[in-house]
Amino acid sequence: MGIYSLITGRRGPSGFGSASTAEEVTKGIDATHLTAIITGGTGGIGMETARVLTKRGAHVVIGARNMGAAENAKAEILRQNANARVTLLYLDLSSFKSIKAFVNDFHALHLPLNLLINNAGLMFCPYQLSDDGIELQFATNHIGHFLLTNLLLDTMKTTAKTSGVEGRILNISSIAHIYTYQEGIQFDSINDISCYSDKKSYGQSKLANILHANELSRQLQEEGVNITVNSVHPGLILTNLFQHTALLMRFLKFFSFYLWKNIPQGAATTCYVALHPSLKGVTGKYFADCNEVNPTKLARDDTLAQNLWDFSVKLTNSVSKKNYLGFEDAS
């Protein structure tokens, strides 16, 4: 799916393309038996994903840092669909303490878990460390979702086994994964302010999203678990994600309007990969414009993916004396 397809909206092998909307790609799908968690579902493509999933009958749990925005999002979803099932839970992905509390709160609901959509993120922010001492974009976009996914994985495995319904995990990545540091992931200098680039650090975190999905997919296939893991590029959409470069992005959009999507189009690929029956058993893939595409060579590097997994485990374990993931540190 190249520039021509993006501009023209030409449909790919899936039958959908860049002009397809989230409602279109899920038309006729019954999701009433599914429970989904969406991080950052308070606005933009996250909220649209939550709205469409509830429209198809799913029970959606939104993890949100801004609970005021979350309440507004829920009210709007219910305004459009009085029968929507939406639950709000506080979640700050830059904080291990918050992630653990969110998982505990979710478990207290005694719900199954069929879908996990790792959607929330930061983009192009100035250098900053999280409360746990990790560069903020890497902490929020990758490490937070890495920890959250692993803490929820047993629930997803149990749900898939007892229900017989395939579980699906989605990491929302970006075409920005092509613009990262030379080595892909700066394992030895994640927090080094002297070589920090807000753009490359964002690209690094989006590359990490793909590598994480690929390695987790490999592990689950090896275990024979009925859960797929894929990554998604939603497209260029002017949302709050651009808060740190809003003026620049509006300027660029003026000269490249034909490359940008609206929010219903931006949520289409996420909803397609989350719900469409044609993707049953499809795992470890990268999607854009509702079609499978090839990411960069670095994003397809299995060794880099395994190294990132090991690094992420050690990093999460080093933050606290308590081993959140239950893994042993081999070092």
Side-chain angles (χ1 to χ4, degrees), residues 1 18 20-22 25-26 36-53 60-65 73 91 93-94 99 115-125 137-149 152 168-180 201-217 228-243 260-276 279 282-293 295-296 299:
M1 305 296 288
S18 63
S20 300
T21 66
V25 303
T26 59
I37 287 177
I38 302 176
T39 66
T42 61
I45 63 173
M47 179 178 167
E48 177 68 0
T49 299
R51 185 189 72 81
V52 172
L53 262 60
V60 173
V61 177
I62 295 176
R65 187 171 60 86
L91 174 62
L93 282 160
S94 71
I99 293 167
L115 303 174
L116 174 58
I117 301 175
N118 291 321
N119 166 80
L122 293 176
M123 185 178 187
F124 301 165
C125 61
Q137 290 192 91
F138 194 75
T140 303
N141 298 352
H142 168 61
I143 288 293
H145 282 126
F146 176 84
L147 177 60
L148 176 68
T149 301
L152 291 169
R168 296 187 182 184
I169 299 172
L170 280 70
N171 282 355
I172 308 305
S173 181
S174 168
I175 196 172
H177 78 275
I178 67 176
Y179 186 68
T180 183
S201 289
Y202 178 71
Q204 172 180 248
S205 71
K206 295 291 100 181
L207 172 62
N209 291 152
I210 301 174
L211 294 170
H212 170 217
N214 291 351
E215 175 59 16
L216 181 55
S217 171
T228 63
V229 193
N230 294 292
S231 48
V232 165
H233 165 53
L236 291 173
I237 309 103
L238 195 60
T239 67
N240 288 338
L241 192 62
F242 289 100
Q243 60 182 301
W260 293 70
K261 296 181 178 183
N262 59 37
I263 288 174
Q265 292 169 340
T269 305
T270 302
C271 290
Y272 171 71
V273 178
L275 292 184
H276 207 278
L279 294 184
V282 176
T283 188
K285 305 299 182 182
Y286 175 69
F287 291 84
D289 299 335
C290 299
N291 286 272
E292 181 185 334
V293 296
T296 62

Which atom of [X] lies closest to which atom of [Y], heavy atoms considered:
X    : Y    : result
A22  : T26  : O-OG1, 2.9 Å
I45  : G266 : CG2-C, 3.7 Å
H177 : T296 : NE2-N, 3.1 Å
G44  : I263 : O-CG2, 3.5 Å
T21  : A268 : C-CB, 3.6 Å
L53  : A36  : CD2-CB, 3.9 Å

Donor-acceptor contact below 3.5 Å, side chain [X] vs main chain [Y]:
X    : Y    : answer
T140 : G121 : no
N230 : Y286 : no
T39  : A120 : yes
S205 : Y202 : yes
D289 : T269 : no
H233 : I175 : yes

- Message: Checking side-chain contact (heavy atoms from CB on, under 4.5 Å) between H212 and each of L216, N214, N209, which is the one that passes?
- Response: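 Between H212 and the candidates, side-chain contact (heavy atoms from CB on, under 4.5 Å) is satisfied uniquely by L216.
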- Message: By the definition side-chain contact (heavy atoms from CB on, under 4.5 Å), identify the one residue from T49, I37, V232 that meets it with I117.
- Response: T49
- Residue pair V273, R168: steps toward the side-chain contact (heavy atoms from CB on, under 4.5 Å) verdict: CA-CA 8 Å; V273 178; R168 296 187 182 184; 5.7 Å; no
- Task: Assess the side chains of T270 and N119: does a donor N or O sit below 3.5 Å from an acceptor N or O?
- Result: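 Checked: T270/N119 side chains show no N/O donor-acceptor pair below 3.5 Å.
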- Query: Are a donor atom and an acceptor atom from the side chains of H145 and N171 found within less than 3.5 Å of each other?
  - Reply: no
Could you state the interatomic distance from [atom1] ([X]) to [atom2] ([Y]), rounded to the nearest 0.5 Å?
X    : Y    : atom1 : atom2 : result
L93  : L122 : CG    : CG    : 9.0 Å
S173 : N118 : OG    : CG    : 11.5 Å
L148 : I143 : CG    : CD1   : 12.5 Å
L275 : L115 : CG    : CG    : 6.0 Å
C290 : H276 : SG    : NE2   : 9.0 Å
M123 : Q137 : CE    : CD    : 8.5 Å

- Begin with the C-alpha distance, continue with both residues' side-chain angles, and end with the deciding distance and a verdict on side-chain contact (heavy atoms from CB on, under 4.5 Å) for Q265 and S18. CA-CA 7 Å; Q265 292 169 340; S18 63; over 6 Å; no
- Query: Do K206 and I210 come within less than 4.5 Å of each other through their side chains, counting heavy atoms only?
  - Reply: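 No. Closest side-chain heavy atoms not under 4.5 Å.
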- Message: For a 4.5 angstrom cut-off between non-hydrogen side-chain atoms, does V282 reach T228?
- Response: no
- In sequence, state the C-alpha distance, the side-chain angles, and the governing distance for I99 and L91, and then conclude on side-chain contact (heavy atoms from CB on, under 4.5 Å). CA-CA 6 Å; I99 293 167; L91 174 62; 4.0 Å; yes
- Task: Kindly indicate, with the supporting measurements, whether the criterion side-chain contact (heavy atoms from CB on, under 4.5 Å) is fulfilled by Y272 and L279.
- Result: CA-CA 9 Å; Y272 171 71; L279 294 184; 3.5 Å; yes
